[in-house]
Amino acid sequence: MNPFLNRLLFLGLYSAVILPQAAPVRIPLVIPYPQQIERTGAESILLGRNGGRCVNIETDWSTGLLAEAGQLITRTLSDKGCTNEASATATRIVISTNRNLISLTPDDKATLSKSGQAYVIRMRPGQPSILFILGASPLGAYYGATTLAQLIESDSTGRVFVQNLAVKDYPDIPIRESADWVLDWDWEVNGYDWGDGLEAFIDRCKRKIDLCSRFKINMVRFLGGRIAPGPGDLDCRYAMVKRFALELNQYARRKGVALQYSSVSWGKDYQDMGVPSPKAWIENREEYPDGKVYACWGGTAGCCLANDALTERIVHRQVQFVRETEPGSIYLHHLDIAQFAELEKAWKNRCQLCRNQFPDDHLASSNGLAGAVAHLYNTLIHELKSIRNPASGYDASRDLQIVFAAPGYSYLTEDDRDWEKDIRYFQTVGRLLSDKKHVSITFREQYRRWDNRSLRTGEMSRALADAGWPDAVFMFASQGGGFMPDHYLLVSSPVLTGIFNGAHILYNFNGQVHSEVQVLANVNYAWNCNAPGSVSPQEFAGRTLETAAQEYANGIRRSDYLYGPFLETACERLYGRAAAPYLERMFRFERDKGQLLPVLTAIEAIPPTGYDWAAQAERNRQAKKFLDTALNVCSESARPDLSWLQRCLEAGARMSDLYDLVYRQKRPVAEATERAHELQAWMEREFKFEKTEPDGGDSGIWKTLISRALSSYSHPTSNQPAAETMFENDRLRLKASSAMPDYSVGSVLTSDPRGHEWGDDGGWNDATPGQFPDTISIQFKEPRQVQRISVYTLADNWIALDKVDDSTPATQFGVTDMDLDIQSPDGTWTTFKQLRNNKKALLPLPDIQRQVSGIRLTVLGSADGHFSRIIHIDIKSATSGKAGGLKL
């Protein structure tokens, strides 16, 4: 971007026009920023004076979005102090979809033809003045009113007015899923369940739907995990969802917003690597309900793509969910395999039934995986779109956006060759779909081709358009400011949203309950990828774009504009003019000093050992001071949100104090237990715990987190510690503090270092979730000269790795903190290496080069904070060379 323009943006002078008789006039910053906005005259149009309204509002319809548009303008004037009725000669505001009302320029017509969400605003000063909001549809007209509401100003003389402006506007990305109301990864806990019961939850969600609607957010990630009807505990979870889902879905639809529910179209509702999954809700059976269970390419849990009876049951489940709740969008995740190499390997393991119906091993073939996947999708699409409710007006063929995810959704780590295979595979799927309207397919964040030829999102979008699927791309963008890869309330990643231009839906996996400024930043650049402060992806060649995007996401790069004029405006819009400066200071404090922790669920993603919990508690308390002041001056509508943030910051500080006591100070169990009881008693006094959604929101896990911290002491807190497990041969004895079934300690000697056998005695996983340390010790029957020990932990992309080396990342499940102890021949143990903050699959350990009788690995923490995972141990000794497996 031009440096002079950047300077203007930072000073808040963008779009300023020098009037002949006045100082520079600044147009109010609109969020999201319009494609084109300009002053067309020096006049301003009077809307109110001294508490009196000077406006007559005319709309085509008395109900629906056009009526909502008129009501929004009326409320905005009321907020400015203009409450009484206007005279007959007042300014006319005409909100319409009738293109014959005014003489449209070619640019106006071009704007309105771009999208049903497009609008133009034109003004005619005079006696009376007339202001036209013309939409390509009722939604477009409503969006025009949301822009006008932000352009209404007042001055010290009591005048309420709008500058003489022309606006031409439409979205770059049609569906902007810029708000993510969930607080966890697979469970997807809803962030607006504050434990205060069903009625409060529904009212709060409606208020937040209104917020989204006002800022042109038309899709919200609302709820997911194990929510669909099904056996066992799913029934009670689904019953809870049904209490509020239908009412909120219908309300959102009236506001032009789709609430998205994440469900599954295979036999598992949730999985976590290394954690026993819940029993599959449905399995591959030769006949139902009690036929023989058989394995296919994804195991035995409901994955066979040629079993029509299985498909029928999967479809029935989703049809019931959609019929009973009327969602705006359903995100259906099938077998969770992401990359092309993974798919190729897995597909070759399909069952004979699949081979008979889909004999081709080539994924992009209509007789291969693409054909099998399209077969499932076609059935789901047909049945879901057939749902109608005449009483409510719900028509799934019109009102339901279906988003499929997997098999295959790609990772940015795929090279261009595999990316091109992805394109051919999804093109075949698209060609085989019989009905592609309101149907999309998921991709994980993609940046530029490695050969620098084009941006991958646009390339995929064009390729699928060529296959007759122009609105196909649902881009799942993990861009920081959430749980991947950090917990900041605000990051600058949205300024690079142009990377994803071409997507039909952009899902920003961030912007949660306490970070609505992030939500507004997300939609600002999803609506207009070139809005002020944007960064062009063309500034970065090849894979440097990937690096830059990740640096914007994790806070290494920061946008001065986003933390400047945009933050000031967003805080004023959300919290009121008087409170805005204090919220700005809070966000900038976090930027400069480190992440805040008002969402306690985030603790589960922070490795508890090695983290500075005392500093975290202090940051929370410093941030809370800004809230204390802001609450005295904020707008009334913002008070509940700021009060909740204030209280959650205090809860996060107190929880951090407890974690500091347990993990850093390592105080006695009795002292920690006493502090934990005090914390729980405080929470009981200050908060409510009447959960509405199945997992109870953030507060639903607080008491569990307290118990989990206490259970993490290295010495047993009960009389029945986890049992040791052992492997022995004629050369050595291998012992572990505990081991889960199918993760035996002896397997570390014979396993594949890449992790391809993980979960089938292909590496060790301890059996004490959330408790550290865990240990493995190797005792040699006779001392030996050891040159080096190589220890492998679980890599991020372990399913499809061709090799693992010292550059292979292990940031999701790997060992982060470990001590390596060695025993000399005289029996003395010494700590040889203390490894901290590791992020690699091959742990960086120095050469040993000495005579030893034993080696001990003490795992103190892992990336997910749950389990110790060691895939393989290699020992090289002077006498036997590379000591692989039982040769030791």
Undergrad: Does Arg664 qualify as a cation-pi partner of Tyr659, given the criterion of NZ or CZ under 6.0 Å from the six-membered ring centre and within 45 degrees of its axis?
TA: no
Undergrad: Do the charged groups of Asp695 and Arg237 touch, with an N to O distance under 4.0 Å?
TA: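 The answer is yes: the pair qualifies as a salt bridge.
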Undergrad: Any chance you could lay out the side-chain contact (heavy atoms from CB on, under 4.5 Å) test for Ile31 and Thr569, step after step, and finish with the verdict?
TA: CA-CA 8 Å; Ile31 301 174; Thr569 301; 3.9 Å; yes
Undergrad: Could you check whether any side-chain N or O of Trp613 sits under 3.5 Å from a backbone N or O of Pro608, counting only pairs where one atom can act as donor and the other as acceptor?
TA: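 Present.
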Undergrad: Is it true that Gln260 and Ser329 share a donor-acceptor pair across their side chains at a distance under 3.5 Å?
TA: yes
Undergrad: Assess whether atom CZ of Arg558 is packed by more than 12 heavy atoms of other residues, nucleotides or ligands within 6.0 Å.
TA: yes
Undergrad: Hey, does the Lys NZ or Arg CZ of Arg221 hover above the aromatic six-ring of Tyr331, less than 6.0 Å from the centre and inside 45° of the axis?
TA: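 The answer is yes, since Arg221 meets both limits relative to Tyr331.
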Undergrad: Would you check if the side chain of Ser862 reaches a backbone N or O of Phe867 as a donor-acceptor pair within less than 3.5 Å?
TA: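 Flag set: sc Ser862 to bb Phe867 pair under 3.5 Å.
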Undergrad: Quick one: do Glu618 and Arg621 satisfy salt bridge (charged side-chain N to carboxylate O under 4.0 Å, His left out)? Show the steps, please.
TA: CA-CA 5 Å; Glu618 178 61 22; Arg621 291 194 170 99; 5.7 Å; no
Undergrad: Taking Asp817 for the side chain and Leu860 for the main chain, is one N or O donor matched with an acceptor at less than 3.5 Å?
TA: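 A pair under 3.5 Å: no.
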Undergrad: When you compare the side chains of Tyr238 and Glu324, does any donor N or O come within less than 3.5 Å of an acceptor on the partner?
TA: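 There is such a pair between these side chains.
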Undergrad: Give a yes or no answer on whether the side chain of Ser78 reaches the backbone of Thr74 with a donor-acceptor pair at less than 3.5 Å.
TA: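 Pair absent, no side-chain N/O of Ser78 close to backbone of Thr74.
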Undergrad: Please step through ring-ring contact (aromatic ring centres under 6.0 Å, His included) for the pair Tyr563 and Phe587, ending with a clear verdict.
TA: CA-CA 8 Å; Tyr563 279 97; Phe587 282 107; 8.0 Å; no
Undergrad: Closer than 3.5 angstrom, by distance alone: can the side chain of Glu590 be matched with the main-chain N or O of Leu596 as a donor-acceptor pair?
TA: yes
Undergrad: So, do Trp644 and Pro598 sit near enough that their side-chain heavy atoms are less than 4.5 Å apart?
TA: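 Trp644 does not reach Pro598 side chain to side chain.
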Undergrad: Taking side chain as C-beta onward, heavy atoms only, is Cys212 less than 4.5 Å from Trp181?
TA: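 Counting from C-beta outward, Cys212 and Trp181 do come under 4.5 Å.
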Undergrad: State whether a side-chain donor-acceptor pair under 3.5 Å links Gln646 with Asp628.
TA: yes
Undergrad: Less than 4.5 Å apart, any side-chain heavy atom of Pro581 and any of Phe626?
TA: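 No - every pair of side-chain heavy atoms lies 4.5 Å or more apart.
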Undergrad: Please report the closest heavy-atom contact between Gly576 and Ser635, naming both atoms and the distance.
TA: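 Closest approach of Gly576 to Ser635, heavy atoms only: N-OG, 4.0 Å.
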Undergrad: Could you tell me whether a side-chain N or O of Ser656 sits under 3.5 Å from a main-chain N or O of Gly652, the two making a donor and an acceptor?
TA: yes
Undergrad: Check the side chains of Gln616 and Arg619 for a donor-acceptor pair under 3.5 angstrom, ignoring hydrogens and angles.
TA: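 Looking only at side-chain atoms, Gln616 and Arg619 do form a donor-acceptor pair, the distance falling under 3.5 Å.
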Undergrad: Would you please test Arg588 and Glu568 for salt bridge (charged side-chain N to carboxylate O under 4.0 Å, His left out) and show each step?
TA: CA-CA 11 Å; Arg588 291 173 186 143; Glu568 294 161 12; 3.6 Å; yes
Undergrad: Is the closest side-chain donor-acceptor distance between Asn522 and Asn510 under 3.5 Å?
TA: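 Per modelled atom types, Asn522 and Asn510 side chains form a pair under 3.5 Å.
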Undergrad: List in chain and number order the residues that pass salt bridge (charged side-chain N to carboxylate O under 4.0 Å, His left out) with Arg573, two or more places apart in sequence or in another chain; answer none if no residue qualifies.
TA: none
Undergrad: Looking at every heavy atom in both Pro694 and Val241, which two are closest together, and how far apart are they?
TA: CG-CG2, 3.8 Å
Undergrad: I'd like to know if the side chain of Gln550 reaches the main chain of Asn554, judged simply by a donor and an acceptor atom lying under 3.5 Å from each other, with no hydrogens or angles considered.
TA: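 No; zero donor-acceptor contacts below 3.5 Å.
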Undergrad: Show your reasoning for whether salt bridge (charged side-chain N to carboxylate O under 4.0 Å, His left out) applies to Lys208 and Asp203.
TA: CA-CA 9 Å; Lys208 296 307 174 181; Asp203 288 346; over 6 Å; no
Undergrad: Side-chain donor-acceptor pair under 3.5 Å between Glu445 and Gln479, yes or no?
TA: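 Judged by distance alone, the side chains do not pair up.
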Undergrad: Quick one: do the Lys216 and Thr146 side chains pair a donor with an acceptor below 3.5 Å?
TA: yes
Undergrad: Pick out which of Leu248, Asn190, Leu259 makes a side chain to side chain contact (heavy atoms under 4.5 Å, CB included) with Leu223.
TA: Asn190
Undergrad: Report yes if some heavy atom in the side chain of Leu567 is under 4.5 Å from a heavy atom in the side chain of Leu490; otherwise report no.
TA: yes
Undergrad: Within a radius of less than 6.0 Å around CZ of Arg836, do more than 12 heavy atoms belonging to other residues, nucleotides or ligands occur?
TA: yes
Undergrad: Ignoring hydrogens and geometry beyond distance, is a side-chain donor-acceptor pair present between Asp774 and Ser868 at under 3.5 Å?
TA: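 Short answer, yes.
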Undergrad: How long is the span from the OG atom in Ser178 to the CD atom in Glu516, to the nearest 0.5 Å?
TA: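 Between Ser178 OG and Glu516 CD, I get 13.0 Å after rounding to 0.5 Å.
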Undergrad: Output all residues satisfying side chain to side chain contact (heavy atoms under 4.5 Å, CB included) with Glu690, sequence neighbours left out; order by chain, then residue number.
TA: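 Listed in chain order: nothing, the list is empty.
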Undergrad: Inspect the contact between Arg204 and Asp193 and indicate whether a charged nitrogen and a carboxylate oxygen are less than 4.0 angstrom apart.
TA: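 Salt bridge flag = no for Arg204 with Asp193.
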Undergrad: What's the spacing between Tyr525 OH and Leu520 CG if we round to 0.5 Å?
TA: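 Nearest 0.5 Å value for the OH-CG distance: 11.5 Å.
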Undergrad: Just by distance, do the side chain of Arg444 and the backbone of Ala477 share a donor-acceptor pair under 3.5 Å?
TA: no
Undergrad: Taking Glu693 for the side chain and Gly696 for the main chain, is one N or O donor matched with an acceptor at less than 3.5 Å?
TA: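 Checked: pair present.
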Undergrad: Assess, by modelled atom type and distance only, whether the side chains of Thr601 and Asp698 contain a donor and an acceptor separated by less than 3.5 Å.
TA: yes
Undergrad: Is a salt bridge present between Glu68 and Arg254, judged by a nitrogen-to-oxygen distance below 4.0 Å?
TA: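 No, Glu68 and Arg254 are not salt-bridged.
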Undergrad: Please step through ring-ring contact (aromatic ring centres under 6.0 Å, His included) for the pair Trp682 and Phe687, ending with a clear verdict.
TA: CA-CA 8 Å; Trp682 175 81; Phe687 296 91; 5.6 Å; yes
Undergrad: Yes or no on ring-ring contact (aromatic ring centres under 6.0 Å, His included) for Phe509 and Phe476, after CA distance, side-chain angles and deciding distance?
TA: CA-CA 7 Å; Phe509 185 72; Phe476 182 127; 5.4 Å; yes
Undergrad: Could you tell me if the side chain of Phe689 sits less than 4.5 Å from the side chain of Met683, heavy atoms only?
TA: yes
Undergrad: Do side-chain atoms of Asp819 reach the backbone of Thr858 as a donor and acceptor pair under 3.5 angstrom?
TA: no
Undergrad: Less than 4.0 Å between a side-chain N and a carboxylate O, is that true for Asp660 and Arg675?
TA: no
Undergrad: How far apart are the C-alpha atoms of Tyr192 and Phe201, what are their side-chain angles, what is the distance that settles it, and do they pass the ring-ring contact (aromatic ring centres under 6.0 Å, His included) test?
TA: CA-CA 7 Å; Tyr192 289 111; Phe201 175 73; 8.2 Å; no
Undergrad: For the ring pair Tyr261 and Phe321, is the centre-to-centre distance below 6.0 Å?
TA: yes
Undergrad: Quick test of your reading of the model: are Arg647 and Glu650 salt-bridged, counting only N-O distances below 4.0 Å?
TA: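 No, Arg647 and Glu650 are not salt-bridged.
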Undergrad: Just how far is it from atom CG of Asn765 to atom CZ of Phe813, taken to the nearest 0.5 Å?
TA: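 The CG atom of Asn765 sits 11.0 Å away from the CZ atom of Phe813.
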Undergrad: Hey, does Ile330 have a side-chain heavy atom less than 4.5 Å from the side chain of Val322?
TA: yes
Undergrad: Pairing donors with acceptors under 3.5 angstrom, does anything connect the side chains of Tyr582 and Asn632?
TA: no
Undergrad: Side chains of Val220 and Ile209: closer than 4.5 Å at any heavy-atom pair?
TA: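 Counting from C-beta outward, Val220 and Ile209 never come under 4.5 Å.
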Undergrad: State, yes or no, whether a side-chain contact exists between Cys648 and His514 at a heavy-atom distance under 4.5 Å.
TA: yes
Undergrad: Would you say that more than 12 heavy atoms from the other residues, nucleotides or ligands in this model lie under 6.0 Å from the NZ of Lys839, or not?
TA: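 Counting neighbours around NZ of Lys839, 12 or fewer heavy atoms of other residues, nucleotides or ligands fall under 6.0 Å, so no.
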